[in-house]
Structures are given as C-alpha cells and as structure tokens.
Amino acid sequence: MNNDNPSDLLETFMSKSNENYLQYGYGILYNTNKNWKSYKTIEPPYNDNTYTKYSQSSNMIVHLRQIYTNEKTSKKDIQFEHTIENTHPFRYKNIYFMQHGDLLLDINGMTHIFQKYFRLNTFQTKIKQIHDKFGYHLTKHMQGHTDSELWFHLILHYYINDKSSKGVRDSLTSAFINSLRDINTVGFQYRSNIVFVHENYIMFSSVYKNTSTSCVRPVFLYADMKDNLSICSTKLTSSYKVLPQNKVYIYNILSKKLTSRDISM
C-alpha cells in the first residue's frame, strides 16, 4: 500500500508460483484514480505476465491460488477446482475479497479441510446454514464453490445491511466479527488470512481457531510498516514481522491511517 516502487516486491511474490502448489492462477487488484480494478487468470504468472501492466500501481493486492492435491487427486477433481470462478479476488459491485487459508470441520476428532471435503453431507448441511443466513439476494451472485466466496458473502451480508450510523471502520469490524460468530455457531473452525476491500478502506486479518484433537497448523500474516504498508502470507523480506493473530486491521489508502482491534470469540 502506498508504495512508489512496488515492482520488485511484486516480482518476489509472483516468483512463489514456481512452487508446485501455487501454480493454479492468480488475481490482482490495483488502484487507479481512487478506483479499484481487477484482473485474474487460471494461468500461473510464468505463463501469463499480464500483471506486469499494473506493476507500477502504488496500491496493489495480489493472490496466488493453491489447490490441494496428492497422488490420489484425479485430473477431473483438479479441473473442477481450477476455474476462473474459484479464482480470487471475489467481487460484489465495488467490493473485493481474497483469502489464504481454510474453513475447517471436526468430524469424529479429525480435522477436514473445506476444499477437499465440502461435498460431504456434513459440510453441505453447514454450508446451507450459512447460505440461509445471507439469503438468495446474495447467494445468486455466487459463481464458484470455495470457502472464500462463502465467507465473503457472509461478511457482505452484515456490511451492506448495516443501517446504523457507525463509521466505515466500525461497520467493517462489526461485519467481520459477526461473520466469525456465525462460522463458529454452525461448527466451522478456521486458519485464514483475509482481505476485504471497499473504496479507500482495506480490512485485513489473520484468524485461527482449531480445537480438534488433530490440529492443523495456522497460517501467518507478515507485515513491513516502516515506510509504507506491505503485508503478505509469506515473509518476502527480512524486515517483515509476524502480525498478531485474531486482530482486525483497517487501513485507509488516502489518509494512510491504520487501526487495529482485538477479536475475542
């Protein structure tokens, strides 16, 4: 954010796609004249370098797609996941969302990851409960089947229906906390870094909750806040420091004001 020379950092990030599990496409949000525009593809950056056209934007948010595969994963299953509809960022009007991580479900003491097991009846029951929470007026906009898109629309439900006189920061924070509460209520747990973008406000957070006996490792969020604001799910430079988990941060790209708040669940 507000980086006058972002291209080197962008290239460092995009080089991560050389790792096998990050070869399933990318998406980029870039800001021009106070408006966000997006580009996404199911190709990795080394096959599609369109992102270089936007590499001089001082405000960029980028996502590399991961698909969980192993020796038992069929070509058909990969094709089902590897679609533009499942590629980040997700968009509703002028609001955008990206996630790195997973919604999780404890089934008989074992942690199950959404992307691998969402077809199970146990998952489908809980997915329907969340769909019922935000209703058809948002469900009809969903095009893929990822936990990221599901979570995005749950946050949206609270954010766009907030009729209070709260400021944007409070509305965003409240919408995110309410989404976490609903996710907890239906039984999902999580290890996720999220980014929610609306106009000049960017909300980001690293959240973790897993109480299963077969715990999964959390994902971490790193930041460099010295001269500008640079945040990533991997440590791109030596100056990156890990951010505390279960806090919500909101940054305004115009005022450059950053605020944070603890999340207690």
Quiz item: Under the 4.5 Å side-chain heavy-atom rule for ILVMFWY, direct or indirect, which residues accompany Y136?
Solution: none

Exercise. Tell me, please, which residues at least two apart from S15 pass side chain to side chain contact (heavy atoms under 4.5 Å, CB included).
Key: N18

Quiz item: What salt bridge (charged side-chain N to carboxylate O under 4.0 Å, His left out) pairs are there with at least one residue in residues 183-198, not counting sequence neighbours?
Solution: D102-R191

Quiz item: Which heavy-atom pair separates M60 from S55 by the least distance, and what is that distance?
Solution: CE-O, 3.9 Å

Exercise. Assess the side chains of T139 and H131: does a donor N or O sit below 3.5 Å from an acceptor N or O?
Key: no

Self-check item: Whether H145 and F80 hold their rings parallel, tilted or perpendicular, with breakpoints at 30° and 60°
Solution: parallel

Quiz item: ring pair (Phe, Tyr, Trp, His ring centres under 6.0 Å) with Y158: which residues, sequence neighbours excluded?
Solution: none

Quiz item: side chain to side chain contact (heavy atoms under 4.5 Å, CB included) between K40 and I28: does it pass, once the steps are laid out?
Solution: CA-CA 6 Å; K40 60 183 181 179; I28 180 168; over 6 Å; no

Quiz item: Would you say R181 and N184 make side-chain contact, with heavy atoms under 4.5 Å?
Solution: no

Quiz item: Does H82 reach the side chain of Q79, with side-chain heavy atoms less than 4.5 Å apart?
Solution: no

Practice problem: Indicate, with yes or no, if the rings of Y92 and F97 have centres closer together than 6.0 Å. | Solution: no

Quiz item: Are Q66 and L64 close enough that some pair of their side-chain heavy atoms sits under 4.5 Å apart?
Solution: no

Quiz item: Taking all atoms of both residues into account, what is the closest heavy-atom pair of S148 and F90, and its distance?
Solution: CB-CE1, 3.6 Å

Quiz item: So Y240 and S230, side-chain hydrogen bond (donor to acceptor under 3.5 Å, both in side chains) or not? Walk me through it.
Solution: CA-CA 8 Å; Y240 273 59; S230 177; 2.4 Å; yes

Quiz prompt | ILVMFWY clustering at 4.5 Å (side-chain atoms), partners of I67 | solution = Y24, I78

Practice problem: Output the rest of the hydrophobic cluster of V195: all Ile, Leu, Val, Met, Phe, Trp and Tyr residues reachable through side-chain heavy-atom contacts under 4.5 Å, sorted by chain and number. | Solution: M1, L29, W36, I61, Y96, M98, V197, I202, F204, L221, M225, L229, I231, L243, Y249, Y251, I253, L254, L258

Practice problem: Find out whether I250 and K257 are in side-chain contact, i.e. whether some heavy atom of one side chain is under 4.5 Å from a heavy atom of the other. | Solution: no

Quiz item: Between OG1 of T146 and NE2 of H88, what distance do you get to the nearest 0.5 Å?
Solution: 5.0 Å

Practice problem: Applying ring pair (Phe, Tyr, Trp, His ring centres under 6.0 Å), name anything that partners Y68, two or more places apart in sequence or on another chain. | Solution: none

Quiz prompt | Beyond-backbone contact of Y30 with Y51, side-chain heavy atoms, under 4.5 angstrom | solution = no

Quiz prompt | Pairwise distance CD1(I107) to CG(L120) - rounded to 0.5 angstrom | solution = 5.5 Å

Exercise. Please name all residues satisfying side chain to side chain contact (heavy atoms under 4.5 Å, CB included) with K226, sequence neighbours left out, ordered by chain then number.
Key: D224, S239

Practice problem: State, yes or no, whether a side-chain contact exists between H141 and H153 at a heavy-atom distance under 4.5 Å. | Solution: yes

Exercise. Compute the ring centroids of Y117 and H112, then answer whether they are less than 6.0 Å apart.
Key: yes

Practice problem: Using the test ring pair (Phe, Tyr, Trp, His ring centres under 6.0 Å), find all partners of F13 that sit at least two apart in sequence or belong to another chain. | Solution: none

Exercise. Would you indicate whether the side-chain heavy atoms of D147 and Q99 approach each other to under 4.5 Å?
Key: yes

Quiz item: Can you list every salt bridge (charged side-chain N to carboxylate O under 4.0 Å, His left out) pair that touches residues 77-92, not counting sequence neighbours?
Solution: R65-E81

Quiz item: What orientation do W151 and Y190 show, parallel under 30°, tilted 30 to 60°, or perpendicular over 60°?
Solution: tilted

Quiz item: Are S58 and D4 linked by a side-chain donor-acceptor pair shorter than 3.5 Å?
Solution: no

Quiz item: With sequence neighbours excluded, what pairs up with F123 under the ring pair (Phe, Tyr, Trp, His ring centres under 6.0 Å) test?
Solution: F114, F188

Quiz item: Do other residues, nucleotides or ligands put more than 12 heavy atoms under 6.0 Å from the CG atom of N108?
Solution: no

Quiz item: Among pairs that include at least one residue of residues 157-168, which meet salt bridge (charged side-chain N to carboxylate O under 4.0 Å, His left out), considering only residues two or more places apart or in two chains?
Solution: D162-K166

Quiz item: Is the shortest heavy-atom distance from the side chain of D48 to the side chain of Y26 under 4.5 Å?
Solution: yes

Quiz item: Do L138 and I130 share a hydrophobic cluster, counting only Ile, Leu, Val, Met, Phe, Trp and Tyr and linking them when any side-chain heavy atoms are less than 4.5 Å apart?
Solution: yes

